[in-house]
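Below is one structure, written out as structure tokens; the observations come after it.
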Amino acid sequence: MVTDLQIARKVVSLNPATGEILRQFDAATDTDVYAAVADARAAQPAWNALGVRKRVSILREFQRLLHEKKSEVAALITREAGKPMVEALLTEVMVVLDATRFCVENAFDFLREQPVTHGNLAMKTKSGRILREPHGVIGIISPWNYPFSIPATESLSALVTGNAVVLKPSELTSLNALQLASLLHQAGVPKDIFQVVVGDGSAGSALLHAPIDKLVFTGSVGTGKRIAQVAAARLLPVVLELGGKDPMLVLGDADVDVASSGAVWGSFVNCGQACLSVERCYVHRSLYAAFLNACVKKTKCLRVGDGMDPETEIGPLIDERQLRNVEMHVEDARAQGARVLTGGKRLPQLGPNFYAPTVLADVSHAMHIMREETFGPVLPVMPFDTDDEAIRLANDSAYGLAASIWTQDRARGEALARRIHAGTVMVNDAVACFGISEAPHSGVKASGMGRTHGRFGMEEMVRIKYVDSDRLPGLK
């Protein structure tokens, strides 16, 4: 049922580094959301009828425009989400440019009719083929931590396969979603085919209840579970990416300098606000002291500040709520005996949402910091004695998004990777898998269901239809 209970509500975009109001919006009402979906549904058949060649040419133009305006786009990401501009370029703009490249290069082959060979001798007179057809209208609810790359990569797969998209971005980063829409529209995507509804949780709920054909959601486990319950009642297919508590395993033969740099990068990129962040670090006891010393030394060298400053390496957290969550996890760990080796405090002199990059030692699985998603600049480190113990600790989590293993023996690392319960395991790398357009992005357990990125991500955007013809005698 459509209601307008949220009339007169406002959505405010803020700069997390300064608290400056960037823009205020009237929040979309339920009526607005339903109207957007209706317009998308009416326009979608014509978009699909354009054919893949025309849609690919539009994506090529989007890629050209994004490359031309990459600095402008990165600056907006920094102002609204806080991350340093160089990071916005590398982890958002470059990721989207490459995702566009993947769609352009693979759409023809992916959407080509696929013949099906019949092994049953009794069926040899039949000719079968598989068709991939768009769902229709894809609803996307995207988060604030990667406000440009996450909705863009998902939308590109949906658009190139012939779907219309209605995007509801996080209310904290609406401007980036509107920037994406502007670039797509300039490239030739009709306005009804890609729409942004700016609003809070009520708009997301309205999109879930609207007559969409599939929903792609990135966000918290709690919200994801509620979405799954509502979707199940109407058999609405969903893709749910619900975060992680990614473990990092540093084996006894690892290079301490390399692994410690990986830990500092993996824990503090985007101020730790990445679903692929290193949130738990397990180090072989023989390397434990040396590894901690290296991490502390490197962490103390990090330059924290406004992301618009080219010297900044770590920006702010997104808001006070996220800051309080990080503080709670660190204080709980400290109260239970963890040692704060560096950081562990706010940096109010820099602005409203800054927290010092923090390294913790002597942590345990009794602490929130090792069990719940922290989503902040904290590196908790715990020793282990055997590979079996490391695997047990890595798998002792409700989450299963990604993990990393650090070793000088790649075969050993890949063998252990097969024993970890996660959608992705990286050997001697962290976080970077999100930037590989060919690689599927997905998790197990509480980290969600379904996939984005690559061919598997494109598969989520289509329905499979099998067409079978019987070659009767005398028929062409």
Side-chain angles (χ1 to χ4, degrees), residues 1-44 69 72-73 75-82 137-152 154-155 158-159 164-186 189-212 215-220 223 226-227 230 316 318-322 352-353:
M1 180 177 178
V2 180
T3 65
D4 284 324
L5 297 180
Q6 64 271 58
I7 290 176
R9 292 244 289 271
K10 295 290 184 181
V11 170
V12 182
S13 173
L14 297 171
N15 183 329
T18 64
E20 172 196 1
I21 294 177
L22 300 176
R23 189 170 166 186
Q24 293 190 48
F25 303 87
D26 291 327
T29 66
D30 290 6
T31 299
D32 294 330
V33 175
Y34 274 70
V37 172
D39 290 344
R41 182 165 303 287
Q44 186 270 331
K69 299 182 179 182
E72 175 186 332
V73 173
L76 181 60
I77 294 169
T78 295
R79 287 197 301 273
E80 195 173 39
V137 179
I138 305 292
I140 297 177
I141 300 177
S142 63
W144 47 261
N145 59 326
Y146 286 88
F148 190 80
S149 60
I150 288 179
E154 295 167 353
S155 297
L159 292 169
V165 173
V166 178
L167 167 64
K168 190 277 170 190
S170 165
E171 58 269 33
L172 301 178
T173 51
S174 304
L175 290 173
N176 275 279
L178 294 171
Q179 172 84 293
L180 173 62
S182 175
L183 289 167
L184 287 169
H185 296 157
Q186 289 176 59
V189 176
K191 290 188 177 181
D192 286 345
I193 291 298
F194 185 85
Q195 299 176 70
V196 175
V197 289
V198 174
D200 53 18
S202 296
S205 178
L207 184 59
L208 173 62
H209 287 87
I212 58 175
L215 181 73
V216 181
F217 170 79
T218 305
S220 71
T223 302
R226 292 191 293 274
I227 286 172
V230 173
I318 191 68
D319 61 10
E320 173 69 21
R321 178 181 177 183
Q322 196 58 38
N353 299 307

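Values below: every heavy atom of this structure, side chains too, minus hydrogens, waters and symmetry copies.
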Problem - Glu171 CD to Lys10 NZ distance, which is reported to the nearest 0.5 Å - result: 15.5 Å
Problem - Ile140 and Val165, any side-chain heavy atoms less than 4.5 Å apart - result: yes
Practice task
Check side-chain contact (heavy atoms from CB on, under 4.5 Å) between Pro316 and all other residues, then give those that pass, not counting sequence neighbours.
Solution key: Pro16, Ala17, Asn353, Phe354
Completion exercise
In short, Ile21 meets Gln24 closest at the heavy-atom pair CG2-CG, 4.1 Å
Handout entry: Flag side-chain contact, heavy atom, 4.5 Å: Asn176 against Leu76
Key = yes
Exercise for the section: Nearest 0.5 Å please: distance from the OG atom of Ser170 over to the CG atom of Asn145. Expected result: 9.0 Å
Practice task
Name all residues meeting the side-chain contact (heavy atoms from CB on, under 4.5 Å) criterion together with Ala42; count only those two or more places apart in sequence or in a different chain, and write none if there are none.
Solution key: none
Fill in the blank from the handout: Sorted by chain and residue number, the salt bridge (charged side-chain N to carboxylate O under 4.0 Å, His left out) partners of Glu72 (sequence neighbours excluded) come out as none
Problem - Closest non-hydrogen atom pair between Pro151 and Tyr146, with its separation - result: CD-O, 3.6 Å
Problem - Set of residues satisfying side-chain contact (heavy atoms from CB on, under 4.5 Å) with respect to Arg23, sequence neighbours excluded - result: Phe25, Leu175, Leu178
Practice task
Verify salt bridge (charged side-chain N to carboxylate O under 4.0 Å, His left out) between Asp26 and Arg9, making sure each step is shown before the conclusion.
Solution key: CA-CA 6 Å; Asp26 291 327; Arg9 292 244 289 271; over 6 Å; no
Handout entry: Atom pair CG/NE2 of Asp192 and His185 - distance to nearest 0.5 Å
Key = 8.5 Å
Handout entry: Partner residues of Thr218 under the side-chain contact (heavy atoms from CB on, under 4.5 Å) criterion, sequence neighbours left out
Key = Pro143, Ile150, Glu154, Glu241
Exercise for the section: Determine whether Val166 and Ile212 make a side-chain contact, defined as any pair of heavy atoms from C-beta on separated by less than 4.5 Å. Expected result: no
Problem - Qualifying side chain to side chain donor-acceptor pair (under 3.5 Å) pairs, either residue in residues 11-20, two or more places apart - result: Ser13-Glu80
Problem - From Gln179 atom CD to Ile77 atom CD1, the distance as rounded to the nearest 0.5 Å - result: 8.5 Å
Exercise for the section: State the CD1-CH2 distance between Ile318 and Trp144, to the nearest 0.5 angstrom. Expected result: 5.5 Å
Exercise for the section: Apply side-chain contact (heavy atoms from CB on, under 4.5 Å) to Ile138 and Val216, showing your working. Expected result: CA-CA 7 Å; Ile138 305 292; Val216 181; 4.1 Å; yes
Exercise for the section: Mind listing the closest non-hydrogen atom pair of Ser174 and Val11 along with its distance? Expected result: OG-CG1, 3.8 Å
Handout entry: Heavy-atom check, side chain of Leu159 versus side chain of Leu184, under 4.5 Å
Key = yes
Exercise for the section: Verify side-chain contact (heavy atoms from CB on, under 4.5 Å) between Val73 and Leu183, making sure each step is shown before the conclusion. Expected result: CA-CA 10 Å; Val73 173; Leu183 289 167; 4.0 Å; yes
Completion exercise
To the nearest 0.5 Å, atom CG of Leu207 lies from atom OH of Tyr34 at 9.5 Å
Practice task
Measure from the side-chain N and O atoms of Lys168 to the backbone N and O of Gly199, and report whether any donor-acceptor pair falls under 3.5 Å.
Solution key: yes
